[in-house]
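Reminder, nothing fancy here: chain letters follow the sequence lines and each chain counts from 1. Keep in mind that what you see is a predicted model, and the values were worked out from it rather than measured. The figures here come from the full heavy-atom set of this structure, side chains too, leaving out hydrogens, waters and symmetry mates.
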There are 2 protein chains.
Amino acid sequence: MGPATFGSIKLVVKNIFEIENLIHHINTFIPVSSELKNRLKSICKIETFPKGHFLHKPESTCLNTYFINKGLVRIYYLKDDKEITDNFAAENEWITSIYSFLKNIPDHFHIQTLETTELAGISLNDLEECFKDYPEMERFGRMLISAYFLEQSERIISLQFNSARERYQFFERTSKNKLQRVLPLGMLASHLGMTQETLSRVRAS
Amino acid sequence: MGPATFGSIKLVVKNIFEIENLIHHINTFIPVSSELKNRLKSICKIETFPKGHFLHKPESTCLNTYFINKGLVRIYYLKDDKEITDNFAAENEWITSIYSFLKNIPDHFHIQTLETTELAGISLNDLEECFKDYPEMERFGRMLISAYFLEQSERIISLQFNSARERYQFFERTSKNKLQRVLPLGMLASHLGMTQETLSRVRAS
DNA sequence: GAATTAAATTGATATAAATCAAAAAATATA
DNA sequence: TATATTTTTTGATTTATATCAATTTAATTC
């Protein structure tokens, strides 16, 4: 889809979000040299998608990992025709269908925007080349995935033996920034491993 | 504790497991130069512990990450005075109390050997120095934690909406090597997020 | 090898959460 | 604004699993 046209006037909507925010994010882990910065500029595809857009669909290979600059995205799969939301990502967070992305094979997940979303996509190949050329970037990669690993560890404990109420409170505590934004609530319910009705009752009391 | 003495004869029990197995393991991810190999030899503390030994206890900081050469280890925590086993590690697998180890702060986990266990321990500091001096080792670190991240992702899905039977079947499928070794079964039950009685009934039918 | 202890199984009951169904509230559309 | 649609809440019932208790089996220890 090209730029919108009104009579003979083309409206080219410039992407305000160059990659300053992403650079700043990476810079909280490692120093970012100007060369690395330039490399990142060249490999990041910056795009804005409307609500409801699919970044990845089942039976396809997830080609990119995405850094969310603005907006909200979820990753989900179908179990018995019901959507189970695995996770969400908002500002300054990353999302990809990790198995498909890392192994470069198709999988069964959907990645979908829940709001108008501004993001930077990086392909596996570009990322790996960047890792090779910039060891500090590989370091960032290790630190980032470690941070997500810790987050997952806590979620496993939350799912292992906590009640529905405790799991909701865990989300309240750890994902404040998403609490008001994840709608409809069925998405949140499935993420927390409970039905929509149970979530409603938990929230009511 | 020094070598055992019997009269005037000192028995120095040599550690057969130098670190060949660990090197081979790392080599499945990255090429291991002889310099890196020497560095690894110098930073790995190789030890053998009897069954029941604690590698890490609550209220202390987990100082090492451990590569298991032989044996079986679990990590667990207490919830309402009951032991909840978070995970197991056997041959060629790694274990640490990840949050405590990476953040260098105390936590509430126990790491305990379930069999006589031969392992290599590496301190955070030595590991970080090694990452700095050998970018390929940092690469290994990234790849390893990525692999564990994938494993965790699957476990989350297993816990999110699967029945007790499905969770047990998941363990059967993904942890064959531990199925006969994790005893008593209460440890396995808690790992799978169910009671011992439920596990017994699942296995019976 | 008998006695003791620990672990696993089996049974009966309780409970948290799922399911099914309907009503109410919120949102979108004409 | 009224109507239609979607989402959320509430209610009644069912179900999987937890809990409590007892028994059987297996593993230690004397």
query = Do the rings of A/Phe140 and A/Phe29 sit parallel, tilted or perpendicular, given the 30° and 60° boundaries?
reply = perpendicular
request  = Look at the rings of A/Phe49 and A/His53 and say which category their plane angle falls in: under 30° parallel, 30 to 60° tilted, over 60° perpendicular.
outcome  = parallel
query = Does the side-chain contact (heavy atoms from CB on, under 4.5 Å) test come out yes or no for B/Gln160 and A/Arg155, once each step is laid out?
reply = CA-CA 10 Å; B/Gln160 211 173 5; A/Arg155 188 158 164 230; 3.3 Å; yes
Can you measure [X] atom [atom1] to [N] atom [atom2] for me and round it to whole angstrom units?
X: A/Leu199; N: C/dT19; atom1: CG; atom2: C1'; value: 16 Å
X: A/Asp80; N: C/dA18; atom1: CG; atom2: P; value: 14 Å
X: B/Glu197; N: C/dT13; atom1: CD; atom2: C1'; value: 13 Å
X: B/Phe161; N: C/dT19; atom1: CZ; atom2: C1'; value: 13 Å
X: A/Asn162; N: C/dA16; atom1: CG; atom2: P; value: 15 Å
X: B/Arg201; N: C/dT13; atom1: CZ; atom2: P; value: 13 Å
X: B/Arg203; N: C/dA7; atom1: CZ; atom2: P; value: 15 Å
X: A/Gln196; N: C/dT19; atom1: CD; atom2: C1'; value: 13 Å

ask   = Hey, does the side chain of A/Thr117 reach the backbone of A/Leu72 with a donor-acceptor pair shorter than 3.5 angstrom?
value = yes
ask   = Under 4.0 Å between a side-chain N or O of A/Thr198 and OP1 or OP2 of C/dA17?
value = no
Residue from B/Tyr66, B/Phe101, B/Phe88, B/Phe67 passing ring pair (Phe, Tyr, Trp, His ring centres under 6.0 Å) with B/Trp94 = B/Phe67
inquiry  = Does B/Leu183 reach a base, just sugar-phosphate, or nothing at all? Heavy atoms under 4.0 Å.
reply    = sugar-phosphate
ask   = First contact, last contact: which nucleotides of DNA chain D are these for chain A, 5' to 3', heavy-atom distance under 4.0 Å?
value = D/dT7 to D/dA12
query = So how far is it from A/Leu188 CG to A/Phe171 CZ, rounded to the nearest 0.5 Å?
reply = 5.0 Å
